[in-house]
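Comments concern the structure below.
Residue numbers begin at 1 in each chain, while the letters A, B, ... track the order of the sequences.
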2 protein chains.
Amino acid sequence: MSDERYLQIGEVAEQLKLTPRTLRYYEEIGLLEPPSRMEGGFRLYSAADINRLENIVQLKRLLGFSLAEIKQVVEAMESLKLLRQESRQAGDLETKRDSLRMGLEILEQQVEVLDGRLGQIAELRDRYHERSLRVRERLEQIEAELLAVTVNTSS
Amino acid sequence: MSDERYLQIGEVAEQLKLTPRTLRYYEEIGLLEPPSRMEGGFRLYSAADINRLENIVQLKRLLGFSLAEIKQVVEAMESLKLLRQESRQAGDLETKRDSLRMGLEILEQQVEVLDGRLGQIAELRDRYHERSLRVRERLEQIEAELLAVTVNTSS
DNA sequence: GGTGCAGTTTCCGTTAAAGTCAACGACTTA
DNA sequence: TAAGTCGTTGACTTTAACGGAAACTGCACC
């Protein structure tokens, strides 16, 4: 329980390329669970805290989700974790089952969203790629012509 | 030259799920080339205009780019198009070649960005997916247990 | 041609989200 | 103990729009 390395806000901020202010802000709007503190009041972030934060940052950077959307996801995850703990103890098998089902649904939904996004971006990528192929073709043609001229001239 | 169908701002907005206000805003910040107008001053968007807009909207929606970032991309594309036209007329083969090379570089850079993004999102997706697999496994185990109990009881 | 009305124009002002800045005291650590 | 961090609070900023006023346009109907 004590071999965990806790980081202070500045270190965490640097690691994730945010500012300490932003971390406090995320906490303020309920996006981040309040981390533990030193006696003096300084925030101490656990590995789990940082993990959650990384998740948040990625949803934001990669998907462009708003903090409100991210909050929903995070809350869903949090509830999943709660259910998981509850599920370990709940003697009632049916309760366990229902908890897991709910959690599973949340996760699968997330995967679906990501898959959808992947497909759309891939489509966009292909459009750009095809355009670049066409340009490349044209370029090579020009280069061939240019080469021919050079050869002719130098003969 | 006249079989093009021009759309008014409201129709375009509806089609792309934006508001007319937003279209004017994009134009104001230089993200959108000013479209042509009717005699009375109403904006008329060509198919090409709408195409560019679709590109913008997708960069925004799919990648979460800021309007400033999108502007850079759009400007790069615009310069590519300019180069392309220039390249058609430029009698000088070397000039053509250089234009095409620059354009190609822009496009390939774009593809790279998209590929990078795709990889990162795929990674995220896989993490979620694996978690969901683990939960599913656990769920099936519970369901099996539950079934066993039922059979036992009903015997 | 006149009238009505929805859609559009420009010109403001306002807003919501996501931070950023500043001040100043309290805490940590070298 | 001095230098560097951190805490809180409240005001400020930037981005990406939204809303409304007042006037103008396009088009359909009479």
Side-chain angles (χ1 to χ4, degrees), chain A residues 2 4-46 49-50 52-75, chain B residues 2 4-46 49-50 52-75:
Chain A
S2 62
E4 272 205 71
R5 258 214 78 222
Y6 288 91
L7 297 186
Q8 281 183 233
I9 197 167
E11 306 173 285
V12 175
E14 190 181 7
Q15 196 177 312
L16 300 188
K17 282 166 188 184
L18 300 171
T19 65
R21 197 70 187 74
T22 300
L23 292 189
R24 290 188 206 109
Y25 174 65
Y26 283 179
E27 186 181 330
E28 186 187 327
I29 64 173
L31 195 53
L32 219 58
E33 298 267 298
S36 55
R37 305 266 184 141
M38 302 193 214
E39 292 102 18
F42 283 22
R43 268 162 262 245
L44 284 178
Y45 294 83
S46 72
D49 288 331
I50 294 172
R52 268 194 293 271
L53 237 172
E54 264 168 354
N55 222 322
I56 289 171
V57 169
Q58 265 180 336
L59 288 177
K60 184 149 180 33
R61 293 217 179 118
L62 298 181
L63 288 303
F65 281 14
S66 72
L67 296 187
E69 287 171 308
I70 293 175
K71 196 171 171 186
Q72 287 188 335
V73 175
V74 167
E75 269 162 12
Chain B
S2 62
E4 270 205 70
R5 259 216 78 222
Y6 287 90
L7 297 188
Q8 277 182 241
I9 197 165
E11 306 172 286
V12 176
E14 190 181 8
Q15 196 177 313
L16 300 188
K17 280 162 192 188
L18 300 171
T19 65
R21 195 73 185 65
T22 300
L23 293 189
R24 289 188 208 108
Y25 173 65
Y26 284 179
E27 186 181 329
E28 186 188 326
I29 64 173
L31 195 54
L32 220 58
E33 298 267 297
S36 54
R37 306 266 185 140
M38 301 194 214
E39 292 102 17
F42 284 22
R43 267 163 263 246
L44 283 179
Y45 294 84
S46 72
D49 288 332
I50 294 170
R52 269 194 293 272
L53 236 174
E54 263 168 355
N55 224 321
I56 289 171
V57 169
Q58 267 181 335
L59 288 178
K60 183 150 182 33
R61 294 215 178 120
L62 297 181
L63 288 304
F65 281 14
S66 71
L67 295 187
E69 288 171 307
I70 292 175
K71 197 172 171 186
Q72 288 188 335
V73 175
V74 166
E75 270 164 11

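Separating the CD atom in A:E14 from the CD atom in A:Q8 is a distance of 12.5 Å, to the nearest 0.5 Å. Of the inter-residue distances, the one linking A:L67 atom CG with A:K71 atom NZ reads 10.0 Å to the nearest 0.5 angstrom. Distance CZ/B:R43 to CG/B:D49: 11.5 Å, rounded to 0.5 Å.
The phosphate of C:dT20 has OP1 or OP2 within less than 4.0 Å of a side-chain N or O from A:T19. For B:R24 and C:dT9, the shortest distance from a side-chain N or O to OP1 or OP2 is below 4.0 Å. OP1 or OP2 of C:dG19 lies within a sub-4.0 Å distance of a side-chain N or O belonging to A:Y26. Side-chain N/O atoms of B:R43 include one lying less than 4.0 angstrom from OP1 or OP2 on C:dT9.
Summarising the geometry, the separation between OH on A:Y25 and P on D:dG7 is reported as 18 Å, rounded to the nearest angstrom. Between A:I70 atom CD1 and C:dA18 atom P the separation is 8 Å, expressed in whole Å. Rounding to whole angstrom units, CD of residue A:E39 and P of C:dA26 are separated by 18 Å. Atom CZ in B:R37 sits roughly 13 Å away from atom C1' in D:dT25 (whole-Å rounding). Computed from coordinates, the A:L23 CG to D:dG7 P distance equals 10 Å when rounded to whole Å. Between the CG atom of A:L31 and the C1' atom of C:dA17 there is a distance of 13 Å, rounded to whole Å. One can place NZ of B:K71 at 14 Å from P of D:dA17, the figure rounded to the nearest angstrom. Rounded to an integer number of Å, the gap from CD of B:E14 to C1' of C:dG7 is 13 Å.
Here the rule is side chain to side chain contact (heavy atoms under 4.5 Å, CB included) with B:K60, and of B:L18, B:N55, B:I70 only B:I70 fits it.
Along DNA chain C, the nucleotide nearest to A:Q8 and the one nearest to B:G41 differ in position, and the one closer to the 5' end is contacted by B:G41. Each of A:F42 and B:L67 was assigned the nucleotide of DNA chain D with the nearest heavy atom; the assignment lying further toward the 5' end belongs to A:F42.
In the set C:dA18, C:dT9, C:dC27, C:dA18 carries the atom at the smallest distance from any side-chain atom of A:K60. When the nucleotides D:dA16, D:dC6, C:dA22 are ranked by their closest atom to the side chain of A:R21, C:dA22 comes out on top. When distances are taken from the side chain of B:T22 to each of D:dT8, C:dT10, D:dA17, the shortest belongs to D:dA17.
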Problem set entry | Trace of the salt bridge (Lys or Arg N to Asp or Glu O under 4.0 Å) decision for A:R37 with A:E27 | CA-CA 13 Å; A:R37 305 266 184 141; A:E27 186 181 330; 3.8 Å; yes
